[in-house]
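Numbered from 1 within each chain, the chains take letters A, B, ... in sequence-line order.
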Amino acid sequence: MIDKTVASLHEAVSVVRDGDCVLISGFGESGNPTELVHALIDHGARDLTVVNNNAGNGNVGLAALLESGNVARIVCSFPRSTASHVFDEMYKAGRLELEVVPQGTLAERIRAAGAGIGGFYSRTTIGTPLAEGKQRRVYNGEEFVLEDPLHADVALIKAELADRWGNLTYRLAARNFGPIMCTAATTTIVQARKIVPLGDIPPEAVVTPGIFVDRVVEVPNPVSEREMIENGVHYLGGRKP
Amino acid sequence: MIDKTVASLHEAVSVVRDGDCVLISGFGESGNPTELVHALIDHGARDLTVVNNNAGNGNVGLAALLESGNVARIVCSFPRSTASHVFDEMYKAGRLELEVVPQGTLAERIRAAGAGIGGFYSRTTIGTPLAEGKQRRVYNGEEFVLEDPLHADVALIKAELADRWGNLTYRLAARNFGPIMCTAATTTIVQARKIVPLGDIPPEAVVTPGIFVDRVVEVPNPVSEREMIENGVHYLGGRKP
Amino acid sequence: MTDKLTRRQVAWRLAQDIQDGMYVNLGIGMPELVANYIPGDREIVFHSENGILGMGPEPRDNEADYDLINAGKKPVTMLPGGSFFHHADSFGMVRGGHIDICVLGAFQVSSAGDLANWSTGGGGVPAVGGAMDLAVGARRVFVMTDHNTKTGEAKLVRECSYPLTGLGVVSTVYTDLAVVDVTDRGLTVREKVDGLSFDELQSRTDAELLGRETCGVLNSPEVG
Amino acid sequence: MTDKLTRRQVAWRLAQDIQDGMYVNLGIGMPELVANYIPGDREIVFHSENGILGMGPEPRDNEADYDLINAGKKPVTMLPGGSFFHHADSFGMVRGGHIDICVLGAFQVSSAGDLANWSTGGGGVPAVGGAMDLAVGARRVFVMTDHNTKTGEAKLVRECSYPLTGLGVVSTVYTDLAVVDVTDRGLTVREKVDGLSFDELQSRTDAELLGRETCGVLNSPEVG
């Protein structure tokens with residue numbers, strides 16, 4: 001029998017190892033797997049590469065993961081924000097390697113990894129400093145640059161509904177990076193607001209088929225990073241339970 | 001106001017011109033826009049390139065379009081079937097040019113065209129005659145071949161529900177090539193079983209966003225090619241109304 | 001000193017050039033104002049690159065849902081006919097040429113339509129977001145900007161000195177002084193504010209301006 | 001003459017090697033038989049490349065729905081937990097290495113695991129379908145085939161003479177005479193039918209066979 005549900009956040013992230021590349025879903029406040037990220041801090045794997053559209057806010061979630069010192073490198077499209085002080089300080093202090101990738105290229109590189117594509121050509125970055133050193137192709141009179149797939153060891157994903165096969169739906173625009181990140185990691189770990197019986201999600205409504213998912217943990221009332229930041233929460237990490 | 005609905009099949013396909021490349025959705029019996037294909041025969045545009053997974057069955061739909069003599073070239077993955085006699089005879093007589101593309105490569109080339117990708121690398125065909133002449137890339141120790149996007153002038157698509165913005169859903173596995181073909185054509189023409197009021201399709205349930213769709217015609221009771229073939233129907237084409 | 005347009009007036013003027021039925025992406029910040037001034041008889045579908053088509057107006061305060069935000073991470077609403085999709089599909093729309101108009105801000109626009117809007121090239125944290133994708137992907141890129149920087153420097157320049165976002169991508173620039181089209185011959189003034197001479201406009205501009213004989217008056221009503 | 005297995009017995013034997021929880025694609029034709037012989041305590045998710053995960057058994061005649069067909073274009077049913085997706089996503093699953101096992105037929109399999117199953121190289125209409133995608137994409141390719149052609153020619157060969165479907169892609173071959181693993185050293189017999197000597201099996205095989213000392217008995221019950 002297939003049962004991808006696990007009982008605890010701790011168990012869910014226990015597979016993460018030192019040196020892993022970790023995809024983290026979310027855009028702004030929507031779709032961040034904050035509980036999984038906090039569990040990863042507690043788990044303590046070090047020397048991580050993390051991939052997210054941004055670089056964290058306040059001192060919670062991804063920002064807290066950076067602050068834990070367990071991240072060596074971050075790949076993102078837009079690390080700056082009004083509350084990205086953790087990233088800003090670490091980057092300026094040279095304690096964090098940064099790879100800036102245009103948002104669409106980032107998404108397509110993740111999708112390519114999941115779909116067995118060994119590179120693709122995009123017009124994005126042509127004429128810009130970010131195209132330097134990239135292989136070119138002219139097709140149909142237009143110039144393109146070669147981009148590599150972005151494979152990961154682990155993906156941490158926030159979803160709305162899940163079932164024991166790992167089928168997922170997402171809430172509103174919280175879908176963002178979730179479906180593609182699920183496909184691109186060796187182990188995909190999901191926190192879902194609700195785990196429903198198999199068959200409750202109609203086959204037409206499944207957004208991420210369970211084939212891309214390895215572990216699902218139910219987090220019925222996920223925290224709001226925005227509210228935590230407003231309330232001055234500083235996640236320092238707990239101990240392994 | 002946006003209203004992509006058109007009143008007749010004839011009006012829907014009137015945009016097709018001689019020499020166009022036409023994507024036709026469907027796989028086996030599911031998802032074939034048979035009424036649109038018949039309207040295209042009546043419309044009479046010549047020297048077409050058609051793209052479909054297969055090459056038609058019996059003397060209806062795509063097979064009838066081939067038989068009309070209006071197709072110069074077909075791109076597909078599997079032209080052979082027990083009822084592909086129209087294709088078989090024309091191909092053997094040298095009256096039809098054939099490009100055989102592996103099914104996954106065909107799908108990905110269509111998707112690439114819609115997504116602004118100027119080529120991608122795939123391991124599919126490595127070591128086979130279909131890789132001959134293709135540019136290579138070694139990535140991560142594995143060999144890949146370069147595949148081009150497959151752009152089209154027109155796509156003929158069968159959907160289940162549509163609204164006036166062109167948002168679409170598909171029925172069961174009839175989804176197959178529909179969503180990607182909608183993205184890859186200059187003009188996407190859809191026959192939907194039912195046109196519903198705007199807002200009836202929940203935003204999470206939209207499979208093809210209307211941005212990819214240009215014309216929608218309602219065909220409430222689409223024919224079954226299988227039943228037509230069983231009944232010996234031979235579509236010879238009518239006149240323009 | 002000639003009256004410049006307010007930012008809201010620039011947004012109003014730009015909005016008049018968005019035709020009924022278009023798919024439009026509004027960049028973060030000043031471009032977001034454009035949504036307020038679409039003529040009432042036009043139905044526009046707004047795209048947000050995080051995965052939304054059919055965005056409606058801001059929600060009332062107590063109805064904000066932070067799973068429904070735009071690219072600027074502000075709460076929005078959905079219109080009937082809207083849809084959600086993932087990031088790869090969303091940027092497929094962008095790169096694939098399905099977005100009719102993208103409105104972006106700019107540090108500099110060159111005579112050839114080159115756009116620089118993501119970095120002033122100094123130190124600091126590099127951050128690009130979706131600007132480069134939108135710049136190459138949208139069928140037309142409208143730039144909305146002050147004509148000059150706060151310190152008086154020209155933003156319409158012969159060559160961009162800042163790192164580029166995209167090469168030859170800009171169609172039209174809407175400033176507080178003029179509407180300027182990027183044409184094969186260079187920057188052509190379509191409209192300028194009343195009372196501003198062509199020479200004065202040129203003096204505020206580094207790039208050579210064309211259209212001295214043909215340009216009209218840039219009218220924009222008082223808008224709130 | 002030793003008793004060969006029936007096709008159903010080969011399907012049964014292969015089915016025993018599919019582990020609980022695996023994602024499996026069954027090729028068109030003979031491989032489809034495998035679904036009937038999965039041990040009852042194993043939950044397998046069947047993939048069909050036209051865009052289905054979670055296929056169930058054939059429908060009863062009056063319940064066939066031709067919008068719900070498998071890659072062989074035959075009506076199927078859906079199990080709870082199934083899902084639909086488009087062709088690019090479906091082959092993304094395939095190429096991306098998400099399918100645990102694909103079962104294919106073959107004209108020839110070489111000592112190196114090369115597979116030829118789409119063309120005998122003569123005239124006729126070329127047709128490839130999804131075989132090349134499945135061959136390179138599935139984590140393991142199981143081949144299900146008669147050991148010899150109807151005219152007695154070997155299908156396990158030193159080098160394929162027919163055009164290849166994939167290079168070094170086959171993991172294991174299940175024939176009516178033997179189960180043969182493709183290993184770094186070559187084709188290694190894991191099991192052969194009772195009463196068939198290793199020499200007899202080798203004489204029916206073009207490729208050199210290994211495993212003379214270690215191979216076991218290929219048992220498959222009478223199955224209907």
Nearest-0.5 Å distance, CZ of residue A:Arg171 to OH of residue C:Tyr66:
13.0 Å
At a heavy-atom separation under 4.5 Å, does A:Arg109 approach chain C through its side chain, its backbone, both, or neither?
neither
Verify side chain to side chain contact (heavy atoms under 4.5 Å, CB included) between A:Gln103 and C:Glu49, making sure each step is shown before the conclusion.
CA-CA 9 Å; A:Gln103 197 170 340; C:Glu49 59 266 35; 4.1 Å; yes
Within a reach of under 6.0 Å around CG of C:Asp61, are more than 12 heavy atoms found that belong to other residues, nucleotides or ligands?
no
Looking at A:Glu99, I'd like to know if its CD atom is crowded, meaning that more than 12 non-hydrogen atoms belonging to other residues, nucleotides or ligands lie closer than 6.0 Å.
yes
Which bit of A:Arg111 comes within less than 4.5 Å of chain C, counting heavy atoms only: side chain, backbone, both or neither?
side chain
Starting from the C-alpha separation in whole Å, work towards a yes-or-no answer on side chain to side chain contact (heavy atoms under 4.5 Å, CB included) for C:Phe91 and A:Glu108.
CA-CA 8 Å; C:Phe91 280 92; A:Glu108 190 69 10; over 6 Å; no
Closest approach of C:Leu68 to A:Ala173 (non-hydrogen atoms, all atoms of both residues):
CA-CB, 4.4 Å
What part of A:Val101 is in contact with chain C, defined as an atom under 4.5 angstrom from a non-hydrogen atom: side chain, backbone, both or neither?
backbone
Below 4.5 Å, heavy-atom pairs only: which of C:Pro126, C:Gly137, C:Gly82, C:Ser119 has the largest tally toward chain A?
C:Pro126
At a heavy-atom separation under 4.5 Å, does C:Val94 approach chain A through its side chain, its backbone, both, or neither?
neither
Looking at C:Phe85, is A:Arg175 sitting on its ring face, NZ or CZ under 6.0 Å from the six-membered ring centre and within 45 degrees of the normal?
no
Spacing of A:Thr105 atom OG1 and C:Asp133 atom CG [to the nearest 0.5 Å]
5.0 Å
Considering only heavy atoms, give the residues of residues 122-158 of chain A separated from chain C by less than 4.5 Å, sorted numerically, with 'none' for an empty result.
A:Ser122, A:Arg123, A:Thr124, A:Thr125, A:Ile126, A:Gly127, A:Thr128, A:Pro129, A:Leu130
Using non-hydrogen atoms only, which part of C:Asn70 is less than 4.5 Å away from chain A: side chain, backbone, both, or neither?
backbone
Just wondering, are more than 12 heavy atoms of other shown residues or ligands nearer than 6.0 Å to CD in A:Glu204?
yes
Let's go through A:Glu29 and C:Asp67 carefully: what are the C-alpha distance in whole Å and the side-chain angles of both, what is the deciding distance for side chain to side chain contact (heavy atoms under 4.5 Å, CB included) to 0.1 Å, and is it a yes or a no?
CA-CA 7 Å; A:Glu29 169 76 351; C:Asp67 280 343; 5.8 Å; no
Would one find more than 12 heavy atoms of other residues, nucleotides or ligands at under 6.0 Å from atom NZ of A:Lys194?
no
Between C:His87 and A:Phe27, is the gap from one ring center to the other below 6.0 Å?
yes
Does the side chain of A:Asn57 come under 3.5 Å of the side chain of C:Lys73 through a donor N or O and an acceptor N or O?
no
Spell out the residues in residues 59-87 of chain A that have some non-hydrogen atom less than 4.5 Å away from a non-hydrogen atom of chain C, in order of number; otherwise answer 'none'.
A:Ser77, A:Phe78, A:Pro79, A:Arg80, A:Phe87
Under 4.5 Å from any heavy atom of chain C, what part of A:Leu106 do you find: side chain, backbone, both or neither?
neither
With a sphere of 6.0 Å drawn around CD of C:Glu208, does it hold more than 12 non-hydrogen atoms of other residues, nucleotides or ligands?
no
Most contacts with chain C, counted as non-hydrogen pairs under 4.5 angstrom, among A:Ala107, A:Gly28, A:Gly178, A:Gly104
A:Gly104
